[in-house]
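Here is the structure we will look at, set down as structure tokens.
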Amino acid sequence: MKKWSAARAPAGRIAYVNGRYLPFAIAGVHIEDRALQLGDGIYEVCNVISGRPLDEEPHLDRMERSLRELGMDMPMSRAALKLVMREMIARNRIADGFLYIQVTRGAVKRDHIPPPPGALRPTLIMTMRTQDPGALNQRMEKGIAVSSQPDIRWGRCDIKTVQLLPNLLAKQAARKMGAFEAWLVDDDGYVTEGSSTNAWIVDKDGTAITRDLSHAILPGVTRRIILEAMAEAQLKVVERKFTIAEALAAREAFLSSATGAAVPVVAVDGQTIGNGAPGALTRRIRELYFARACVKPDLKNA
Ligand code: PLP
């Protein structure tokens, strides 16, 4: 059998598992890890630009909140987590990519009842992957299509858990319809969010609209950064529900996530939005997002 050593592993192939940096081929968790058997865990995806994690604090804030909602503590201090994140970026030799962080309740004999807080060592995993700038650029230039799908998820979509089955089934259904992303529609006919993105439209007056925060959507870090950047730039934005009919009548639309910033949406359910090309406001928001990210002191002075 081929012998692996971390030092010889190809770029992007080092995983962190509970205190150890391991080549992918031998990295693994216990078969009774509660995330594997019960979906009992949470995750974060952080954009890495020029070797620095972007919006690190908001991601760690959300991670702490997700864990709290599950009755769990952070697996280590924030300072220690940040060190591991930097070590992962260095060991994987990836300057621009995505860092995946997952925390599960740990490994224990399968039982629905979670062990009391502190009784179990949580499982902390990190992996990294590179960006595909070609695919991303194409999505930016041409825009993407979305397909509306029923939102069949649970009542706490604000927690970033690893339980993503309804999300991936919706995405799969959207892909079958020739769309890149699914826009999930609640029982009252309103769009909640995308299967792995937040959803936005821009109305005829140029006001950006995105669903207000509640248990029905994930509080996207990119959504928050865009809202702050738009407020600073004095651009019009409203947090409220919208329907697919409103999206079809919109001037432009886009989706937001750490993996794509703001990606233009040019068609919904096979019907063109606006003039069918990426919108000017989406482009501006994208610029604001990156301009703001790049002037962060921790990025500039590192
Ligand atoms: N909504 C859902 C359901 C998601 O899974 C994600 C990201 O994974 C987002 C929104 C966007 O969140 P963020 O901007 O923090 O990447």
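Each ligand, and each atom within it, is numbered from 1 in the order the structure gives.
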**Study point:** Flag if over 12 foreign heavy atoms under 6.0 Å of CZ, R121
**Key:** no
Exercise for review: May I ask you to decide if A199's main-chain N or O and R211's side chain share a donor-acceptor pair within less than 3.5 Å?
Suggested key: no
Revision key, fill the gap. Residue, atom and distance of the protein heavy atom nearest atom 12 (O) of ligand 1 read G220 CA, 3.5 Å
Practice item. Measure the CG-CD1 distance between L38 and I113 for me, rounded to the nearest 0.5 Å. Key: 11.5 Å
Practice item. Report the C-alpha distance between R283 and E287 in whole Å, list the side-chain angles of each, state the deciding distance to 0.1 Å, and finish with yes or no for salt bridge (charged side-chain N to carboxylate O under 4.0 Å, His left out). Key: CA-CA 6 Å; R283 200 177 302 274; E287 284 164 9; 5.9 Å; no
Check your understanding: Do V221 and ligand 1 have an N or O pair less than 3.5 Å apart?
Key -> yes
Check your understanding: Taking atom types as modelled, is there a side-chain donor on T123 or T104 under 3.5 Å from an acceptor on the other?
Key -> yes
**Study point:** For Y43, atoms of ligand 1 separated by under 4.0 Å from a heavy atom
**Key:** 5 (O), 8 (O)
Point to revise | Side-chain ion pair, E57 and K82, N-O less than 4.0 Å | key: yes
Review point. With a 4.0 Å heavy-atom cut-off (strictly under), which part of T259 contacts ligand 1: side chain, backbone, both or neither?
Key: neither
Check your understanding: With a 4.0 Å heavy-atom cut-off (strictly under), which part of F98 contacts ligand 1: side chain, backbone, both or neither?
Key -> neither
Check your understanding: To the nearest 0.1 Å, how far is atom 8 (O) of ligand 1 from its closest protein heavy atom, and which atom is that?
Key -> K160 NZ, 2.7 Å
**Study point:** For E193, atoms of ligand 1 separated by under 4.0 Å from a heavy atom
**Key:** 1 (N), 2 (C), 3 (C), 10 (C)
Check your understanding: When you measure from atom 16 (O) of ligand 1 to every protein heavy atom, which one gives the shortest distance, and what is it?
Key -> A258 N, 2.8 Å
Point to revise | Nearest non-hydrogen protein atom, atom 14 (O) of ligand 1 | key: T222 OG1, 2.6 Å
Exercise for review: Would you mind running through ligand 1 and noting each atom that sits below 4.0 Å from a heavy atom of R62?
Suggested key: 12 (O), 13 (P), 15 (O)
Point to revise | Whether K204 side chain and A249 backbone form a donor-acceptor pair below 3.5 Å | key: yes
Check your understanding: At what distance is the nearest protein heavy atom to atom 5 (O) of ligand 1, and which residue and atom is it?
Key -> S196 CA, 3.4 Å
Point to revise | N or O pair under 3.5 Å between S257 and ligand 1 | key: no
**Study point:** Gap separating the CH2 atom of W200 from the CG atom of L227, nearest 0.5 angstrom
**Key:** 4.0 Å
Exercise for review: Enumerate the atoms of ligand 1 whose separation from the nearest heavy atom of N198 is less than 4.0 angstrom.
Suggested key: 10 (C), 11 (C)
Check your understanding: Is it the case that S148 and D269 place a side-chain donor and acceptor less than 3.5 Å from each other?
Key -> yes
Exercise for review: Assess whether atom NZ of K236 is packed by more than 12 heavy atoms of other residues, nucleotides or ligands within 6.0 Å.
Suggested key: yes
Check your understanding: Hey, which atoms in ligand 1 end up nearer than 4.0 Å to a heavy atom of S256?
Key -> 11 (C)
**Study point:** P219 heavy atom under 4.0 Å from ligand 1
**Key:** no
